[in-house]
**Q** 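Right, I'll just put the structure down here and ask away after.
Predicted model, so just to flag it, every value in this text is computed and none were measured.
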Amino acid sequence: MDQPAPLPRRPRGRPPRHGHSYADTRELLIRRGTELLTERGVSATALDEVLKSVGVPKGSFYHYFPNKDAFVLATLDSYAAYLSRKLDRHLGDAKLAPLARLQSFVDDACDGVERHAFARGCLVGNLGQEVGCLDTKIQQRLEEIFLDWEARVADCLQAAVAADELPATTDCAAMSHAFWIGWEGAILRARLMRSTEPMRAFFRFFMAALR
């Protein structure tokens, strides 16, 4: 009979002072890191500030991540998973017609930007603006995430073709690619203007181009 797998060993280092487990503390660091990176980017985010904000002793960072690049990748993966779930929730809503599902996603995104007082944008788009100072692995991961998101929107557009909302000749992959290029720029402009109008204006333009 096979023996049960041994429990994973806890990495060496000082334990957290706030009583959370290793996994909980690591998740707290990722969550806080996501917030700060979304607001400021990589260059302006100090690791010591991240640690202090969740009550982890200064100097304990390497107990949870081998280096800053690994930390950025972890926050990136967490954010990508979060937005993919949001895309699936809106774009997979069978109660709505396909193009209305995309509108629902845009409305939700606008609400989120307003809710955070325009301090936060899209982490993937923000990091993309710092490409010159990012490790190659992070750059590759950013492109992988964009391709994944493009595939999800392309599927929604293909459903719109099947539902006769769009012409059969619509190049769904190309239009989805264009959507994400324009959408990230619209979010940046929205933060600068402190208004969601650039996001909504881009979507109106995109919908007109589709039809």
Side-chain angles (χ1 to χ4, degrees), residues 34-44 75-76 79-132 134 139 141-211:
T34 301
E35 293 172 356
L36 292 175
L37 289 171
T38 302
E39 293 175 5
R40 307 176 187 177
V42 173
S43 302
T75 62
L76 193 53
Y79 181 84
Y82 155 77
L83 193 61
S84 292
R85 289 193 298 271
K86 178 174 287 193
L87 282 167
D88 288 345
R89 185 171 68 251
H90 288 286
L91 304 186
D93 187 354
K95 298 188 297 296
L96 299 175
L99 292 183
R101 300 171 199 173
L102 190 57
Q103 176 74 64
S104 176
F105 167 72
V106 168
D107 290 341
D108 186 45
C110 289
D111 290 344
V113 171
E114 288 183 325
R115 186 168 60 254
H116 292 292
F118 301 94
R120 300 181 194 173
C122 170
L123 177 59
V124 176
N126 289 358
L127 293 184
Q129 296 175 53
E130 298 184 88
V131 65
L134 297 179
Q139 295 180 33
R141 183 66 184 121
L142 288 170
E143 180 61 16
E144 290 170 0
I145 292 168
F146 274 129
L147 290 174
D148 177 67
W149 292 350
E150 285 179 16
R152 293 167 193 266
V153 170
D155 286 345
C156 181
L157 297 180
Q158 193 60 58
V161 171
D164 292 327
E165 287 190 288
L166 294 176
T169 55
T170 302
D171 188 335
C172 296
M175 293 305 295
S176 179
H177 181 66
F179 172 83
W180 284 105
I181 291 174
W183 182 243
E184 292 297 339
I187 295 173
L188 172 63
R189 189 68 182 276
R191 295 181 68 193
L192 287 172
M193 293 177 59
R194 299 187 65 79
S195 166
T196 58
E197 177 54 27
M199 298 164 70
R200 298 193 183 280
F202 165 72
F203 190 63
R204 289 194 296 269
F205 174 82
F206 178 76
M207 292 296 286
L210 276 177
R211 289 165 169 155

**Q** Carefully, step by step, assess Asp155 and Leu91 under the rule side chain to side chain contact (heavy atoms under 4.5 Å, CB included).
**A** CA-CA 9 Å; Asp155 286 345; Leu91 304 186; over 6 Å; no
**Q** Between Met207 and Val106, is there a side-chain heavy-atom distance shorter than 4.5 Å?
**A**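 Side chain of Val106 against side chain of Met207, heavy atoms only: no contact under 4.5 Å found.
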**Q** Output yes when Arg141 and Glu144 qualify as a salt bridge under the 4.0 Å nitrogen-oxygen rule, no when they do not.
**A**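 Yes, charged N to carboxylate O under 4.0 Å.
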**Q** Roughly how far, to the nearest 0.5 Å, is the NE2 atom of His90 from the CG atom of Asp93?
**A**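 Asp93 CG to His90 NE2: 8.5 Å, rounded to 0.5 Å.
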**Q** Evaluate side chain to side chain contact (heavy atoms under 4.5 Å, CB included) for Ile145 paired with Trp149, printing each intermediate quantity in order.
**A** CA-CA 6 Å; Ile145 292 168; Trp149 292 350; 3.4 Å; yes
**Q** Between Leu166 and Leu99, does the side chain to side chain contact (heavy atoms under 4.5 Å, CB included) criterion hold? Intermediate values first, please.
**A** CA-CA 9 Å; Leu166 294 176; Leu99 292 183; 4.0 Å; yes
**Q** With under 30° as parallel and over 60° as perpendicular, where do the rings of Phe202 and Trp183 fit, or are they tilted in between?
**A**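 It falls in the tilted class, 30° to 60°.
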**Q** Please name all residues satisfying salt bridge (Lys or Arg N to Asp or Glu O under 4.0 Å) with Asp148, sequence neighbours left out, ordered by chain then number.
**A**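 Testing Asp148 for salt bridge (Lys or Arg N to Asp or Glu O under 4.0 Å), a comparison that skips the adjacent residues, returns Arg152.
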**Q** For the pair Phe146 and Trp180, name the ring-plane relationship: parallel under 30°, tilted 30 to 60°, perpendicular over 60°.
**A**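 The arrangement is tilted - the two ring planes meet at 30° to 60°.
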**Q** If the condition is side-chain hydrogen bond (donor to acceptor under 3.5 Å, both in side chains), which residues does Gln139 pass it with, not counting sequence neighbours?
**A**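 Once residues adjacent in sequence are excluded, Gln139 has no partner under the side-chain hydrogen bond (donor to acceptor under 3.5 Å, both in side chains) criterion.
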**Q** Taking Glu130 first and then Arg40, would you say they form a salt bridge - that is, a charged N and a carboxylate O separated by under 4.0 Å?
**A**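 So Glu130 does not pair with Arg40 through a salt bridge.
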**Q** Kindly compute the distance separating CZ (Arg85) from CZ (Arg89), expressed to the nearest 0.5 Å.
**A**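 Going from the CZ atom of Arg85 to the CZ atom of Arg89 covers 9.0 Å.
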**Q** Let me see the working for Cys122 and Tyr79 under side chain to side chain contact (heavy atoms under 4.5 Å, CB included), right down to the final yes or no.
**A** CA-CA 9 Å; Cys122 170; Tyr79 181 84; 3.8 Å; yes
